[in-house]
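Owing to the predicted nature of the structure, the values given are computational and were not obtained by experimental measurement. When a ligand or atom number is given, it counts from 1 through the structure's own listing order.
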Amino acid sequence: MSRLRIFSENEPGTPQLSSSDRAQIANELQRIGVIFEQWQASAPVAPGDAPEKIMEAYRADIDRLIAERGFKTVDVVSIAPDNPQREAMRTKFLDEHFHKEDEVRFFVAGSGLFTLHVEDKVYEIKCEQGDLIGVPDSTKHWFDMGPEPSFVAIRFFTEPDGWVGHFTGTDIAQRFPRYEKGQAG
Ligand SMILES: CSCCC(=O)/C(O)=C/O
Ligand SMILES: [Fe+2]
Ligand code: NI
């Protein structure tokens, strides 16, 4: 089940709000300019499937988003728990960073944990299959796929170079909950 928890940036152990109601999640996130929508993850794809297979299965959705929102680049992150690169892939997104473009991700299988740092609050969002999240340009955040990652996400970029992260150098991400083993699903 998708879930939102909101914390004060100084109290990582005590969420001020916890909700698995997708309408409430969307409503809370809308206040900080984040899009949270449910899309039909209709094609049967599995974590670890080849990116080309996933692009082909979701071609119609991808083309529509490109036409509507002007994305320039699209790629796929598809990872299964036995991926030999899983530790390196997990580490890449674990520290606080931002992008100079909106971060738009469509989870077509599995799950992962996005955490956003907006002013003095921290928004932890467990994204599941069917969730589309759009995080505004320059929002500080991190992403944890967990020690046994299992997800497929389609990523949409307005910049031609694809994923470029700017790391803030803070340790805030280390103080907040990680996506632990067994939390997925
Ligand atoms: C959910 S896709 C992989 C993570 C990613 O692209 C990103 O930018 C995390 O901050
Ligand atoms: Fe990101
Ligand atoms: Ni990022």
With a 6.0 Å cut-off (strictly less than), is the heavy-atom count around CD of Q174, excluding the residue itself, greater than 12?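 Check passes, neighbour count above 12.
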
Check each atom of ligand 1 against the heavy atoms of [X] and keep those under 4.0 Å away; list them by number with element.
X	result
F107	1 (C)
W163	5 (C), 6 (O), 7 (C), 8 (O)
H141	10 (O)
R155	2 (S), 5 (C), 6 (O)

I'd like to know if H97 contacts ligand 1, where contact means a heavy-atom distance under 4.0 Å to any ligand atom.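 Per 4.0 Å heavy-atom rule, H97 contacts ligand 1.
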
Would you please determine whether H99 falls within less than 4.0 Å of ligand 1 on a heavy-atom basis?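 Heavy atoms of H99 do come under 4.0 Å of ligand 1.
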
Could you tell me whether the side chain of S111 and the main chain of S150 form a donor-acceptor pair under 3.5 Å?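 No, because the side chain of S111 does not come within donor-acceptor range (under 3.5 Å) of the backbone of S150.
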
Using a distance-only test with no angle check, is there a side-chain donor-acceptor pair under 3.5 angstrom linking H99 and H166?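 Distance-only check fails for H99 and H166.
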
As a test of understanding, state which of Y58, F151, F71, F156 forms a ring pair (Phe, Tyr, Trp, His ring centres under 6.0 Å) with F106.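 Output: one option passes, namely Y58.
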
Considering only heavy atoms, which of F106, F143, F151, F98 lies nearest to atom 4 (C) of ligand 1?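 The option holding the nearest heavy atom is F143.
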
Geometry at the Fe ion (ligand 2) - H141 NE2 versus E103 OE2 angle, rounded to 10 degrees: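 With the Fe ion (ligand 2) as the vertex, OE2 (E103) and NE2 (H141) sit 110° apart.
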
Does anything in residues 8-18 pair up under side-chain hydrogen bond (donor to acceptor under 3.5 Å, both in side chains), and if so which pairs, sequence neighbours excluded?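 Passing the test, one end in residues 8-18: E9-H117.
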
Would you please name every residue forming a side chain to side chain contact (heavy atoms under 4.5 Å, CB included) with E56, sequence neighbours left out?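 Applying side chain to side chain contact (heavy atoms under 4.5 Å, CB included) to E56 gives none.
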
F114 and F143 aromatic ring geometry - parallel, tilted or perpendicular at 30°/60° bounds: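 Rings of F143 and F114: tilted, 30 to 60°.
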
With backbone taken as N, CA, C and O and side chain as the heavy atoms from C-beta onward, which portion of E103 lies under 4.0 Å from ligand 1: side chain, backbone, both, or neither?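 Within the 4.0 Å criterion, E103 contacts ligand 1 through side-chain atoms alone.
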
Answer with side chain, backbone, both or neither: which part of W142 has a heavy atom less than 4.0 angstrom from an atom of ligand 1?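 W142 to ligand 1: no contact under 4.0 Å from either part.
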
